[in-house]
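Shown next, in structure tokens, is the structure this report addresses.
Order of the sequence lines fixes the chain letters, A, B, ..., with proteins taken first and strands second; residue numbering starts at 1 for each chain.
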Amino acid sequence: MYVAVKGGERAIANAHALLAEKRRGDTGVPEIGIDQIDEQLALAVDRVMTEGSLCDRKLAALAIKQARGDLIEAIFLVRAYRTTLPRFGFSEPLDTAAMQVRRRISATYKDLPGGQVLGPTFDYTHRLIDFALAADGDADAVPPAATASPDDSERMVRVTDIIAAEDLIEANPAPQDSQPVGDLTRDPLGFPAGRDLRLQNLARGDEGFLLALGYSTQRGYGRNHPFVGEIRMGEVEVELFVEDLGFAVSLGEITVTECQMVNQFKGSLIEPPRFTRGYGLGFGHCERKAMSMALVDRALRADEFDEERKGPAQDEEFVLSHSDNVQATGFVEHLKLPHYVDFQAEIAMLRQMRAEVAARLSGRHQAEAAE
Amino acid sequence: MSSVIGLSSGVGKAGHMDEQDLSQDRRATLAILARGTETELAAPLARHWPDLAVRDLKRPEIGLVMVRGRMGGDGAAFNLGEATVTRAVVELASGRRGHGQMLGRNPRLARMAAIADALWQDAAERPLVERDILAPIRARLARASAQTRAETAATRVDFFTLVRGEG
């Protein structure tokens, strides 16, 4: 148990001043700006927004700067900030079919309506360090991106809708907009959790944790034979119903990444077999996260498909209780706070146990010597 | 680009709109104002309405909106995560009330959007709001969207499947 201690104020103040100095680093090097982090470390910003569960690029960039690039610390800062703000309401659910798509790929169909666009991707790069980036950059030296005339003749329908048109994939749970939607920020998590709560938990869950769990399902710990039906990334509109106006108002656009995982089929004696679904969605460009989320979402649906829960990724309580990196870091890192009283008690107990063993041993020696 | 922004402006119909049209056009106007920058709002407001009497019914306030997604894209809703939003409500001397609300944390911007919304509701001011505030924002958005679509189109890929040879 952690016991409160007093004192150390000057040391703490000095340590924080030292932290501020180290954060700034060598003053001969120009200070990094929030805009630079936003623009040039954009994927770090996306991760902090997704796991901080707060979509605000400038705020996430500031948190990254304050945290010296420690993303979990930055996520912590963002989570703490959100508690200071009032909530105005809930958005209308995002319509990802109406996305202005900047990337859209499918591993299930080569040719599909609207086609496949790679967008800005690390895929197919050689993962060789580019020393040219180490040279002092000349912004004008970066060639403009190639352009082509967009083909607007075909809408980019969801790949899962194409499969659904032939009734080959399970239907999504129907929208019941009168039903309350679970909210982890308002109510504590209970088990079993509905899929709404599970998806909210996974959406803000740690990318590394979900990546490892998703990977474990592929390696046999809860195998469900996934295909990436579709990954799409781009801008979607956020709308809020305003009571005074009596209609939903557009607040602007945010970037999201969506992954539709298509998994092996399930049927019964009376139901024809159909593919099953796993779903991932996150703020910004967060493809690895969205894919991992979709794998784990599907794994956690084991009961729906009468699957035996054999792998950790299928264990709802284990996954949902350990996915949050702010909670996790809080409990792990509290170990370094003063535990002096606790430890003294343990030492006293250890000494007593040792004394008892020593007494027993010396008693036996005396008895042996007497014989 | 989203459906709301894509709606045509209400200028041509000013004065002849029924309530349904008016609220549709106001929706489209609010969508454009939510995307305006400081310069795009501040400059025309200062130029055309420098001495406007504005009463703050709701002072600009920063808060959160819980953004929802749908399972599988079109299924039941779930809470994805929050976004910062700023909103403001103003009233002009004419009694017209304007609402400003947009993603982000910029109180000045939300208040200016509210003022522009209030002005737009006045049929006499609407053409000027349309010409000097909405049209430039709309044009910038269209340019950015066209640029994004053109860059994206250049990454369109055709995959070929190769048949494995028989040794």
What donor-acceptor contacts under 3.5 angstrom involve side-chain atoms of residues 89-97 of chain B, with partners at least two apart or in another chain?
from	atom 1	to	atom 2	distance (Å)
B:E91	OE1	B:R55	NE	3.4
B:E91	OE1	B:R55	NH2	3.0
B:E91	OE2	B:R97	NE	3.1
B:S94	OG	B:R96	N	3.3
B:R96	NH1	B:Q121	O	3.3

side-chain hydrogen bond (donor to acceptor under 3.5 Å, both in side chains) pairs, two or more places apart, involving residues 102-112 of chain B:
A:D56-B:R105, B:E38-B:N106, B:E38-B:R108, B:D56-B:R111
Output yes when a side-chain donor or acceptor of [X] lies under 3.5 Å from a complementary backbone atom of [Y], and no otherwise.
X      : Y      : result
B:R156 : A:G114 : yes
A:S250 : B:A31  : no
A:T147 : B:A150 : no

Residues of residues 66-80 of chain B with a heavy atom under 4.5 Å from any heavy atom of chain A, in residue-number order, are B:M66, B:V67, B:R68, B:G69, B:R70, B:M71, B:G72, B:G73, B:D74, B:G75, B:A76, B:A77, B:F78, B:N79, B:L80
In terms of heavy-atom proximity below 4.5 Å to chain B, should [X] be classed as side chain, backbone, both, or neither?
X      : answer
A:F247 : side chain
A:T185 : side chain
A:Q179 : neither

Top contributor to chain B interface from A:L199, A:D95, A:T160, A:V101 [non-hydrogen pairs under 4.5 Å]
A:L199
Check B:I62 against A:P86 and note the closest heavy-atom contact, atom names and distance.
O-CD, 3.5 Å
Do we see a donor-acceptor contact under 3.5 Å between the side chains of B:T84 and A:R82?
no
With sequence neighbours left out, what residues match A:T125 under side chain to side chain contact (heavy atoms under 4.5 Å, CB included)?
A:F122, A:R127
